[in-house]
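Heads up: the structure comes next, in structure tokens.
Indexing begins at 1, ligand by ligand and atom by atom, following the structure's order. Only a predicted model underlies this, so the values are computations on that prediction, with no experimental measurement involved.
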Amino acid sequence: MRVTFLGTGSAMPTGERFQTGILVQADGRTLLIDCGAGSLQRLQQSGVGYENVSTVLLTHHHLDHVADLLPLMKARWLAGEEYLEIVGPQGTKALVDELLEVYEYMQDKLELQVREIVPGEFSVAGFDVSAYETRHSLPCLAYRFGDLFTFSGDSEAFAGLANFAEGSAILAHDCSFPDDVDVSNHPTPDSLGRELADREIGRVYLTHLYPHTDERHDEMLESIGAHYDGDVRFAEDLKTVSIE
Ligand SMILES: [Zn+2]
Ligand SMILES: [Zn+2]
């Protein structure tokens, strides 16, 4: 499996990191998780291209995870692609319907399949996936791909999510802010380190980074490392990780 971080930023721009988008590929199958602003550009830069993304899996409906959904639809339509599947938590159908109500000219341009999922097991784009409800300001799902890859979506750090991720070769986890930012609905390095302590995880990539984290990477890693002694790194846009 190959996981490519298209966007490792968040709702406030750093000038370098686009909003959330993660590409998961295996055996010719391709799945885009989230489609925040910049995903379309990064897809092109990644060499995969929007033509090859026919399924999008959403963690939740915040703008920084869905902003490029309509632009993806439009680009696919212009390129002569006829189909797009959009899978996400409850409310995804209403979200897509309402976006298309605002952008009326985009109606009926693509054959859209929209599917809502609940926590538990499901299949998407040929991948068997588990979904787990996170702790965030909107209903949000974390996704796990067997023993290979888990993505936290947006979430506070908590034991249930750490349990869900345990045993993954790669975990991509929200780590939005450094410790001195008073935050709910997202982790700080200290809270993430505490929840990851003693978990068996191959490697952790920190993502969903606000500009507050610029120049603070060393201290954030130290803060996590005070509790968790595993391999932790910062994700970067267009970084690809191969997972065996
Ligand atoms: Zn969010
Ligand atoms: Zn977000």
Please list every donor-acceptor pair under 3.5 Å in which a side-chain atom of residues 97-109 meets a protein atom from a residue at least two apart or in another chain.
residue, atom, partner, partner atom, Å
Y105, OH, K74, NZ, 3.0
Q107, NE2, L100, O, 2.9
K109, NZ, Y105, O, 2.7

Atom of H208 nearest the Zn ion (ligand 2) (restricted to N/O/S, atom name only): NE2
Short side-chain to backbone donor-acceptor contact, D68 and S39, under 3.5 Å: yes
Residues which pass salt bridge (charged side-chain N to carboxylate O under 4.0 Å, His left out) with E85, listed by chain and number, not counting sequence neighbours: R115
Every N, O or S from the protein that is nearer than 2.8 Å to the Zn ion (ligand 1): H60 NE2, H62 ND1, H136 NE2, D154 OD2
Flag if over 12 foreign heavy atoms under 6.0 Å of CG, D180: yes
Whether F177 and Y210 hold their rings parallel, tilted or perpendicular, with breakpoints at 30° and 60°: parallel
Listed pairs under 3.5 Å, donor-acceptor, residues 116-125 side chains, sequence neighbours left out:
residue, atom, partner, partner atom, Å
E116, OE2, G91, N, 3.0
E116, OE2, T92, N, 3.1
E116, OE2, K93, N, 2.9
E121, OE1, S130, OG, 3.2
E121, OE2, S130, OG, 3.3
S123, OG, D128, OD1, 2.9

